[in-house]
Student: 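Would you mind keeping the following structure in view while I ask a few things?
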Amino acid sequence: MCLLLLSTALPLYGSCDSADPVPAVDGPLVLEVRYPGEEPIAVRDSVSVWGTVGSGRAVLHVNGLPVPVAANGGFATFVPVPDGATPVLELRASKGADTLTRSVPIIRVQPVPDPTVTVRPVDLQVRLRRLADPALDSATLARPVFSRWTPGGAMALPLTLGLRLRVDAETDDAVRLRLSRGVGVWVPRNDTEPLAGRRTTPRTVGELRTRRGQDRRIIRIEVSEPVPDAVERSTDRLRWTLFDATVGPAVRVESGPATMRDLGDGRVLIEVELDGPALGWRTAWRDGAMTLEIRDDPRPGLGPDLKGLVVAVDAGHPPGGSTGPTGLYEGTMTLAVANEVARQLAARGATPILTRTDEAPVSLDARIALAEQADAHVFVSIHANAPGDGRPPWSVDGTRVFWTHHHVRPLARALRDSVAAALGQVPHGVNRSDLAVLRPTWYPATLIEGTALTLPEREALLRSPAGTAAYAAGVVAGLAAWVAGTERERERES
């Protein structure tokens, strides 16, 4: 286990007494700063700095403060921002008679009041659409528009392209879509096109029908065109809400375990009793009906060999991604771990689906689409952590796992504990986060930040074959622990 000590100047002392210490490197003196980069970054009072000086025998100062150097020449520190309107970080590295210096400009953040957003009433009808953009792939262009509860606020509902809805308010950049009485969500103005006329009555929905598929239940409600909808899960049922809708006269409102009722305010509520564990769900409009598909949880029928489990293994980045002190790129590391996860899963009888197989960038939406097309049972995205602006490098040490939907928490806990144990890390948060790859509900989806790429000793571990194998083994062990859990145990943990 690695021990982190702080000096009065807040540099990071990394000493690792684990089985995989930082390898000693005594190369020529260099001064490579991985962060901050070429473009000045905006900071307030302190800033992270990491990079390499090429040798564990070199000495480094940042603005006159000594910064410990790891055995391989890597360093990571957190220093005060110098005074003045245009501060500069002055780095000085030396080894014997050799000396290198570098200046890194940064920008001091000036507090500014939030701009006033003027909301204006309006009454018109729009259709949701996405403008063609040569920079976006087909998967991204086909994804739903994610609405927000307030302009620029928290995410609300995914809205299918092609929906026709009434707009009752606008700002310069966004419009509010009226879903039902008292319920509205905001979308970017550029994701809508005005339509002639104004429709004032909700869409009428027809018969409620249910049927059983091989591994899923399908609920179908007749309606002439798509309507906004949302699905919420309680312990033993799903609550499916159709917005901007009303139930037609003499319509059958009960079918097997599903019942439908008109709430009288532009919402129709369908409640579906679950007859067993549900893996996930999705909704769509097709062939003149809104449909809700509920997937059966395959785990009761799986053995310890994981045979039959389909796992989407997502190697995080590119695009984007962080780089460690000595130059290990996150996207390269995650691909190595993902390949090893796939190998270990296949050895246990599971079917791995890799969202990328080389260094070429893959959009977030394309990763989601691939997992959905493969009918994956679970989606695991592999990452290594780096701090945001104004946070020290060690603030992201340890293992964290992120989720969006509540029923995914047992999987997130299992992965956090197993990956932390495999990497010798502290098991930190299991945090809810609105990350794009975690939004789908067709399968449980998690994103793992195995450890901090920005710390020299952690980067050295991730660079090694032993670290790659350990990270992968932790992921597979977490999946096996999740498969072994019962629904009652998972609900009790929730």
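Only heavy atoms go into these numbers, but all of them, side chains included; no hydrogens, no water, no symmetry mates. Quick note: residue numbers are just sequence positions, from 1. This is a predicted model, so every value here is computed, not measured.
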Student: List for me each residue that meets ring-ring contact (aromatic ring centres under 6.0 Å, His included) alongside W240, sequence neighbours excluded, and say none if there are none.
Tutor: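 Scan of W240 (ring-ring contact (aromatic ring centres under 6.0 Å, His included), adjacent residues dropped) gives none.
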Student: Once you round to the nearest 0.5 Å, how far does CZ of R282 lie from CG of L292?
Tutor: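 The CG atom of L292 is 11.0 Å from CZ of R282, to the nearest 0.5 Å.
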Student: Would a 4.5 Å heavy-atom cut-off, applied to side chains only, mark R432 and F402 as touching?
Tutor: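 Of all side-chain heavy-atom pairs linking F402 with R432, none is under 4.5 Å.
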Student: If we only count heavy atoms from C-beta on, is the P188 to D173 side-chain gap below 4.5 Å?
Tutor: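 Contact flag for P188/D173 side chains = no.
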Student: If you look only at pairs with a residue in residues 305-335, which of them pass as a ring pair (Phe, Tyr, Trp, His ring centres under 6.0 Å), with sequence neighbours excluded?
Tutor: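 Those involving residues 305-335 are H317-H383.
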Student: Report yes or no: does T404 contribute a side-chain atom to a donor-acceptor pair with the main-chain N or O of S433 at less than 3.5 Å?
Tutor: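 Confirmed, T404 side chain pairs with S433 backbone.
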Student: Partners of L370 by side chain to side chain contact (heavy atoms under 4.5 Å, CB included), sequence neighbours excluded?
Tutor: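 For L370, the residues satisfying side chain to side chain contact (heavy atoms under 4.5 Å, CB included) (neighbours in sequence not counted) are I353, T355.
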Student: Please check if the number of heavy atoms outside R439 that lie under 6.0 Å from its CZ is greater than 12.
Tutor: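 Yes.
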Student: Under a 3.5 Å distance rule, please check whether Y443 uses its side chain to pair with a backbone N or O of A371 as donor and acceptor.
Tutor: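 Absent.
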Student: Could you note down all residue pairs passing ring pair (Phe, Tyr, Trp, His ring centres under 6.0 Å) where residues 32-64 supplies at least one of them, sequence neighbours left out?
Tutor: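 Counting only pairs at least two positions apart or across chains, the ring pair (Phe, Tyr, Trp, His ring centres under 6.0 Å) contacts touching residues 32-64 are Y35-W50.
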Student: Atom CG of D397 and atom OG1 of T451: how far apart are they, to the nearest 0.5 Å?
Tutor: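 Interatomic distance, D397 CG to T451 OG1, rounded to 0.5 Å: 5.0 Å.
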Student: Would you confirm whether R216, through its side chain, and I294, through its main-chain N or O, come within 3.5 Å as a donor-acceptor pair?
Tutor: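 No; zero donor-acceptor contacts below 3.5 Å.
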Student: Quick one, L128 and L177 - any side-chain contact, counting heavy atoms below 4.5 Å?
Tutor: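 Counting from C-beta outward, L128 and L177 do come under 4.5 Å.
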Student: Measure across G27 and S55 and return the closest heavy-atom pair with its distance rounded to 0.1 Å.
Tutor: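 Heavy-atom minimum between the residues: O-CB, 3.5 Å.
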Student: Looking at T140, is its backbone amide N or carbonyl O close enough to the side chain of R130 to form a donor-acceptor pair, meaning the two atoms are under 3.5 Å apart?
Tutor: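 Confirmed, R130 side chain pairs with T140 backbone.
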Student: Under 6.0 Å from the CZ atom of R92, do we count more than 12 heavy atoms belonging to anything else shown?
Tutor: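 No.
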Student: Between L438 and V408, does a side-chain contact (heavy atoms from CB on, under 4.5 Å) hold up when you go through it step by step?
Tutor: CA-CA 10 Å; L438 305 184; V408 182; over 6 Å; no
Student: With the threshold set at 4.0 Å, does a side-chain nitrogen-carboxylate oxygen contact exist between R295 and E372?
Tutor: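 Between E372 and R295 there is no salt bridge, as every charged N stays at least 4.0 Å from the carboxylate O atoms.
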Student: side-chain contact (heavy atoms from CB on, under 4.5 Å) for V69 and V59? Distances and angles first, verdict last.
Tutor: CA-CA 7 Å; V69 175; V59 176; over 6 Å; no
Student: More than 12 heavy atoms of other residues, nucleotides or ligands under 6.0 Å from CG of D358: yes or no?
Tutor: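 More than 12 within 6.0 Å, yes.
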Student: Ignoring hydrogens and angles, tell me if any N or O in the side chain of R34 forms a donor-acceptor pair with the backbone of P325 under 3.5 Å.
Tutor: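 Present.
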Student: When you look at CD of E359, are more than 12 heavy atoms from neighbouring residues, nucleotides or ligands closer to it than 6.0 Å?
Tutor: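 Yes, because the 6.0 Å sphere around CD of E359 holds more than 12 heavy atoms from other groups.
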Student: CD of E459 to CG of L461: how many Å apart, nearest 0.5 Å?
Tutor: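 So the CD of E459 and the CG of L461 are separated by 10.5 Å.
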Student: Once rounded to the nearest 0.5 Å, what's the spacing between atom NE2 of H405 and atom CH2 of W281?
Tutor: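 That separation rounds to 7.5 Å.
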Student: Using the side-chain contact (heavy atoms from CB on, under 4.5 Å) definition, which of the options D314, L411, V475, L435 pairs with T446?
Tutor: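 In the set D314, L411, V475, L435, the residue that makes a side-chain contact (heavy atoms from CB on, under 4.5 Å) with T446 is L411.
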Student: If we only count heavy atoms from C-beta on, is the L453 to L328 side-chain gap below 4.5 Å?
Tutor: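 In contact.
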Student: Can you list the steps and then say if D375 with V310 is a side-chain contact (heavy atoms from CB on, under 4.5 Å)?
Tutor: CA-CA 7 Å; D375 250 2; V310 181; over 6 Å; no
Student: Judged by atom type as modelled, is there a donor-acceptor pair below 3.5 Å linking the side chain of K95 to the main-chain atoms of V30?
Tutor: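 Checking the backbone N and O of V30 against the side chain of K95, no donor-acceptor pair under 3.5 Å is found.
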Student: Can you tell me if T454 uses its side chain to pair, donor with acceptor, with the backbone of A386 under 3.5 Å?
Tutor: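 No; zero donor-acceptor contacts below 3.5 Å.
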Student: Hey, is the main chain of V430 close enough, under 3.5 Å, to the side chain of R413 for a donor-acceptor pair?
Tutor: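 Checking the backbone N and O of V430 against the side chain of R413, no donor-acceptor pair under 3.5 Å is found.
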Student: Between S48 and R391 (side chain of the first, backbone of the second, donor and acceptor by atom type, cut-off under 3.5 Å), is there such a pair?
Tutor: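 Flag set: sc S48 to bb R391 pair under 3.5 Å.
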Student: Identify all side-chain donor-acceptor contacts of residues 145-163 below 3.5 Å with residues at least two apart in sequence or on another chain.
Tutor:
{"unit_1": "S147", "atom_1": "OG", "unit_2": "L157", "atom_2": "N", "d": "3.0"}
{"unit_1": "S147", "atom_1": "OG", "unit_2": "L157", "atom_2": "O", "d": "2.8"}
{"unit_1": "R148", "atom_1": "NH1", "unit_2": "G153", "atom_2": "O", "d": "2.6"}

Student: Does the side chain of W285 come within less than 4.5 Å of D229's, by heavy atoms?
Tutor: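 A side-chain contact is absent here, since even the closest heavy-atom pair is not under 4.5 Å.
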Student: Restricting to ring-ring contact (aromatic ring centres under 6.0 Å, His included), what partner residues turn up for F75, sequence neighbours left out?
Tutor: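 By the ring-ring contact (aromatic ring centres under 6.0 Å, His included) rule, F75 matches no residue at all.
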Student: Heavy atoms, side chains only, cut-off 4.5 Å: are R143 and L364 in contact?
Tutor: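 They are not in contact (no side-chain heavy atoms under 4.5 Å apart), so the answer is no.
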Student: Which heavy atom of I106 sits nearest a heavy atom of P36, and at what distance?
Tutor: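 Minimum heavy-atom separation between I106 and P36: CG2-CG, 4.4 Å.
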Student: Checking side-chain hydrogen bond (donor to acceptor under 3.5 Å, both in side chains) for the pair E340/T468: CA distance, chi angles, key distance, verdict?
Tutor: CA-CA 7 Å; E340 178 62 17; T468 297; over 6 Å; no
Student: Quick one: CG on N72 to CD on E457, what's the gap to the nearest 0.5 Å?
Tutor: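 One finds 9.0 Å between CG of N72 and CD of E457.
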Student: For E449 and R400, indicate whether the former's side chain and the latter's backbone hold a donor-acceptor pair under 3.5 Å.
Tutor: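 The answer is no, because no donor-acceptor pair under 3.5 Å joins these two groups.
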Student: I'd like to check L354 versus V313 (side-chain heavy atoms, cut-off strictly below 4.5 Å). Are they in contact?
Tutor: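 They are in side-chain contact.
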Student: Any luck finding a side-chain donor-acceptor pair between R463 and T326 under 3.5 Å?
Tutor: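 Yes, a side-chain donor-acceptor pair sits under 3.5 Å.
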Student: Apply side-chain contact (heavy atoms from CB on, under 4.5 Å) to the pair W442 and L279, showing each step before the final yes or no.
Tutor: CA-CA 8 Å; W442 187 234; L279 181 72; over 6 Å; no
Student: Look at the rings of F78 and W394 and say which category their plane angle falls in: under 30° parallel, 30 to 60° tilted, over 60° perpendicular.
Tutor: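 Ring orientation, 0 to 90° scale: perpendicular.
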Student: Is there a side-chain contact between D45 and P80 (heavy atoms, below 4.5 Å)?
Tutor: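 No, side chains not in contact.
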Student: To the nearest 0.5 Å, tell me how far D297 CG sits from L274 CG.
Tutor: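 Spacing of CG (D297) from CG (L274) equals 11.0 Å.
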